[in-house]
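Let me begin by presenting the structure, written as structure tokens, before commenting on it.
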Amino acid sequence: MQEYDMVVVGGGPAGLAAAIKAKQEGIKSILLLEREDELGGALKQCIHSGFGIEIFKEDFTGTEYAQKYIDKLKELNIEYKLNTMVFEFSKNNILTAVNGEEGILEIKAKAVILATGCREKSRGAINMPGIRSAGVYTVGTAQKFINVDGYMPGKEIVILGSGDIALIIARRIILEGAKVKAVVEIMPYPDGSEKNVIECLDDFNIPLKLSYTVINIRGKDRVEGITIAKVDKNKITIQGTEEYIPCDTVLLSVALTADNELARKAGIRTILKTGGIEVDFKMQTSMEGVFACGNALYIHDAIDYITTESYEAGKNAAYYVKSL
């Protein structure tokens with residue numbers, strides 16, 4: 001049994017900020033656990049700017065923003081483990097985790113901070129019609145393919161959903177030499193900012209199809225095309241408005257949801273409507289000594305807000321440990 005004053009689950013922007021703040025508040029024994037092979041969470045694949053304006057009063061890329069906190073974590077000598085998945089969490093703050101080097105680990109902490117982030121909804125989660133052919137990805141997966149792995153997801157692409165990440169990926173795809181046939185949005189207005197609609201779609205002549213949804217995907221082995229149709233105010237498809245778009249790839253940007261299986265399994269209360277972890281004004285969950293922050297609570301509009309909130313969680317968790 002390994003013992004620490006504090007364990008932080010998640011090495012994205014929330015977990016990094018919370019661990020750093022707890023250390024600055026005087027907690028010496030901290031362990032951060034990250035299931036992927038690098039720290040930084042989704043920021044490590046965000047090479048576009050727009051990060052850090054609130055915190056640093058400067059405009060950084062996502063990777064630059066993450067690196068600032070990774071460097072600070074190392075400067076403070078905060079221990080962390082990569083490729084380590086926490087799969088069980090008991091009420092006496094004992095976490096069970098596993099990695100390829102050490103096998104199964106049991107870790108006891110005086111306080112735990114859950115910074116487990118969020119995940120994208122997949123095709124199965126939204127019951128998209130059509131054959132389950134290759135070529136359907138989430139925009140986050142496509143972003144990682146392009147910006148980290150150096151692969152293009154396809155050559156002729158349709159994006160379902162118009163959030164800011166979808167718009168940024170649309171522009172990125174064009175800059176890499178592929179074609180975005182359309183961005184399809186079920187609502188009568190785009191979900192992303194007006195600035196991104198102009199800079200990412202209008203400037204590159206990418207069609208934005210508002211009040212449309214996908215009603216079929218064609219292609220046996222690989223996507224060959226999709227059929228979209230206009231919807232009414234109740235989001236019911238309107239007969240006679242069908243439009244077929246040839247493509248080899250469909251990217252989904254339909255929703256993000258809090259990644260909270262670990263919390264629910266431990267019996268920590270979550271909010272039914274959002275799926276986020278319920279916390280009090282101290283960022284403490286329904287389980288004493290367990291705190292939470294970041295997208296595990298709700299989907300934030302900006303990384304800067306996640307950082308500010310996570311500082312608060314780290315500070316309050318540190319106070320809790322020192323009060324024992």
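- Looking at K181, its side chain does come within 3.5 Å of a backbone N or O of P246 through a donor-acceptor pair.
- Of the possible polar contacts, none joining the D164 side chain to the G192 backbone as a donor-acceptor pair under 3.5 Å is found.
- Residues A14 and G294 approach most closely at CB-CA, 3.9 Å, considering heavy atoms.
- A donor-acceptor pair is defined here as one N or O able to donate and one able to accept, closer than 3.5 Å; such a pair exists between the side chain of Q45 and the backbone of G140.
- Enclosure of atom NZ in K23 by more than 12 non-hydrogen atoms of other residues, nucleotides or ligands within 6.0 angstrom is indicated.
- S49 contributes no side-chain N or O that, together with a main-chain N or O of F60, makes up a donor-acceptor pair within less than 3.5 Å.
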Checklist entry - Under the side chain to side chain contact (heavy atoms under 4.5 Å, CB included) criterion, do T213 and T237 qualify, and how do the steps go? => result CA-CA 8 Å; T213 191; T237 55; 3.8 Å; yes

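- No donor-acceptor contact under 3.5 angstrom links the side chains of S133 and R218, judged on distance only.
- Heavy atoms only, all atoms of each residue included: V321 and D5 are closest at CG2-O, 3.7 Å.
- By the 6.0 Å contact criterion, CG on D301 is open, its count of non-hydrogen atoms from other residues, nucleotides or ligands being 12 or less.
- With hydrogens and angles disregarded, a donor-acceptor distance shorter than 3.5 Å links the side chain of D304 to the backbone of G52.
- Cluster partners of L256 are I299, counting Ile, Leu, Val, Met, Phe, Trp and Tyr whose side-chain heavy atoms approach within less than 4.5 Å, directly or via other members.
- Remark: the R35 side chain and the N83 side chain contain no N/O donor-acceptor pair separated by less than 3.5 Å.
- Placement of L114 and I271 in two distinct hydrophobic clusters is found when ILVMFWY residues are connected by side-chain heavy-atom separations under 4.5 Å, directly or transitively.
- More than 12 non-hydrogen atoms from other residues, nucleotides or ligands lie less than 6.0 angstrom from CG of L324.
- Ring geometry for F51 against H48 counts as tilted: the plane angle lies between 30° and 60°, on a 0 to 90° scale.
- N93 contributes no side-chain N or O that, together with a main-chain N or O of K108, makes up a donor-acceptor pair within less than 3.5 Å.
- Between N99 and L105 the shortest side-chain heavy-atom distance falls below 4.5 Å.
- Closest non-hydrogen pair, N260 versus G275, comes out as ND2-O, 2.9 Å.
- Using a cutoff of 4.0 Å between basic side-chain nitrogens and carboxylate oxygens, E176 and R172 are scored as salt-bridged.
- The only option from T308, N295, T307 that meets the side chain to side chain donor-acceptor pair (under 3.5 Å) definition with H300 turns out to be N295.
- By the 4.5 Å heavy-atom criterion applied to side chains, L201 and L167 are counted as neighbours.
- Put simply, the side chain of D248 reaches to within 4.5 Å of the side chain of R222, judged on heavy atoms.
- Between K28 and E79 there is no salt bridge, since none of the side-chain N atoms of the basic residue sits less than 4.0 Å from a carboxylate O of the acidic one.
- A continuous path of Ile, Leu, Val, Met, Phe, Trp and Tyr side chains, each step under 4.5 Å between heavy atoms, connects I306 with I20, placing both in one hydrophobic cluster.
- Taken from CD1 in I277 to CZ in R264, the straight-line distance is 8.5 Å, to the nearest 0.5 Å.
- Residues I159 and V139 form a side-chain contact, since some pair of their non-hydrogen atoms from C-beta on lies under 4.5 Å apart.
- Interatomic distance, I168 CD1 to Q143 CD, rounded to the nearest 0.5 Å: 8.0 Å.
- Geometric assessment of K72 against the ring of Y69 yields a negative cation-pi assignment under the 6.0 Å and 45° thresholds.
- F204 CZ to R171 CZ: the interatomic distance, rounded to the nearest 0.5 Å, is 6.5 Å.
- Put simply, the side chain of E64 gets close to the backbone of T61: a donor and an acceptor are under 3.5 Å apart.
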Item to check | Verdict with supporting geometry, I146 and M152, side chain to side chain contact (heavy atoms under 4.5 Å, CB included) | outcome: CA-CA 6 Å; I146 298 169; M152 286 297 292; 4.0 Å; yes

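- With respect to K282 and E312, no salt bridge is recorded, no charged nitrogen being found less than 4.0 Å from a carboxylate O.
- S286 places no side-chain N or O within donor-acceptor distance of the main-chain N or O of I268, the cut-off being under 3.5 Å.
- Across every non-hydrogen atom of A296 and A258, the tightest pair is O-CB, 3.7 Å.
- Note: N234 CG to D232 CG = 5.0 Å, rounded to the nearest 0.5 Å.
- Side chain of T241 to main chain of K230: a donor-acceptor pair is present (N/O by atom type, distance under 3.5 Å, no hydrogens or angles).
- Hydrophobic clustering (side-chain heavy atoms under 4.5 Å, transitive across Ile, Leu, Val, Met, Phe, Trp, Tyr) keeps I303 apart from I169.
- Within the 4.5 Å cutoff, the side chain of T249 has no heavy atoms near those of the V223 side chain.
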Next on the checklist: Go through it in stages, so that I can follow the logic: the residues are C247 and V250, the test is side chain to side chain contact (heavy atoms under 4.5 Å, CB included), and I'd like the CA-CA distance, side-chain angles, deciding distance and then a yes or no.
Outcome noted: CA-CA 8 Å; C247 63; V250 176; 4.2 Å; yes

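- Cluster membership check: V183 shares its hydrophobic cluster with I157, using side-chain heavy-atom separations under 4.5 Å among Ile, Leu, Val, Met, Phe, Trp and Tyr.
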Checklist entry - Between V158 and L251, is a side chain to side chain contact (heavy atoms under 4.5 Å, CB included) present by the stated rule, with each step listed? => result CA-CA 6 Å; V158 173; L251 302 184; over 6 Å; no

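- Counting all heavy atoms, side chain and backbone alike, E185 lies closest to S162 at OE1-OG, 2.6 Å.
- At a threshold of 4.0 Å, the pair E102-K81 counts as salt-bridged, since one of the basic side-chain nitrogens sits closer than that to a carboxylate oxygen.
- Think of Y189 as one node in a network of Ile, Leu, Val, Met, Phe, Trp and Tyr side chains linked at under 4.5 Å; its network also takes in I186, M187, V231.
- Under a cut-off of 6.0 angstrom, the local environment of CD in E194 is sparse, with at most 12 non-hydrogen atoms contributed by other residues, nucleotides or ligands.
- In summary, the side chains of T138 and T141 do present a donor paired with an acceptor at a separation below 3.5 Å, with no hydrogens or angles considered.
- Cluster partners of Y244: none. The rule joins Ile, Leu, Val, Met, Phe, Trp and Tyr whenever side-chain heavy atoms lie under 4.5 Å apart, and it links nothing here.
- Here the closest heavy-atom approach between residue L297 and residue A292 is recorded as CD2-CB, 3.7 Å.
- When side chains are defined from C-beta on, Y80 does not count as touching L33, because their heavy atoms never get closer than 4.5 Å.
- Considering CD1 of I104 and CD of E88, their distance stands at 10.0 Å, rounded to 0.5 Å.
- The CD1 atom of I226 lies 9.0 Å from the CD atom of E243; values are rounded to the nearest 0.5 Å.
- Within the 4.5 Å cutoff, the side chain of I113 has no heavy atoms near those of the V9 side chain.
- Inter-residue side-chain proximity for K322 and K110 is flagged as unmet; no heavy-atom pair is nearer than 4.5 Å.
- Aromatic ring orientation, F145 versus Y151: perpendicular (interplanar angle above 60°, classes split at 30° and 60°).
- Using bins of under 30°, 30° to 60° and over 60° for the plane-to-plane angle, the ring pair Y320/F291 lands in the perpendicular bin.
- Transitive grouping of hydrophobic side chains (ILVMFWY, heavy atoms separated by less than 4.5 Å) keeps I245 and L208 in distinct clusters.
- Remark: side-chain polar atoms of E34 are paired, donor with acceptor, to backbone N or O of G11 under 3.5 angstrom.
- With respect to K144 and D149, a salt bridge is recorded, a charged nitrogen being found less than 4.0 Å from a carboxylate O.
- Judged purely by distance below 3.5 Å, without hydrogens or angles, the side chains of T227 and N216 never pair a donor atom with an acceptor atom.
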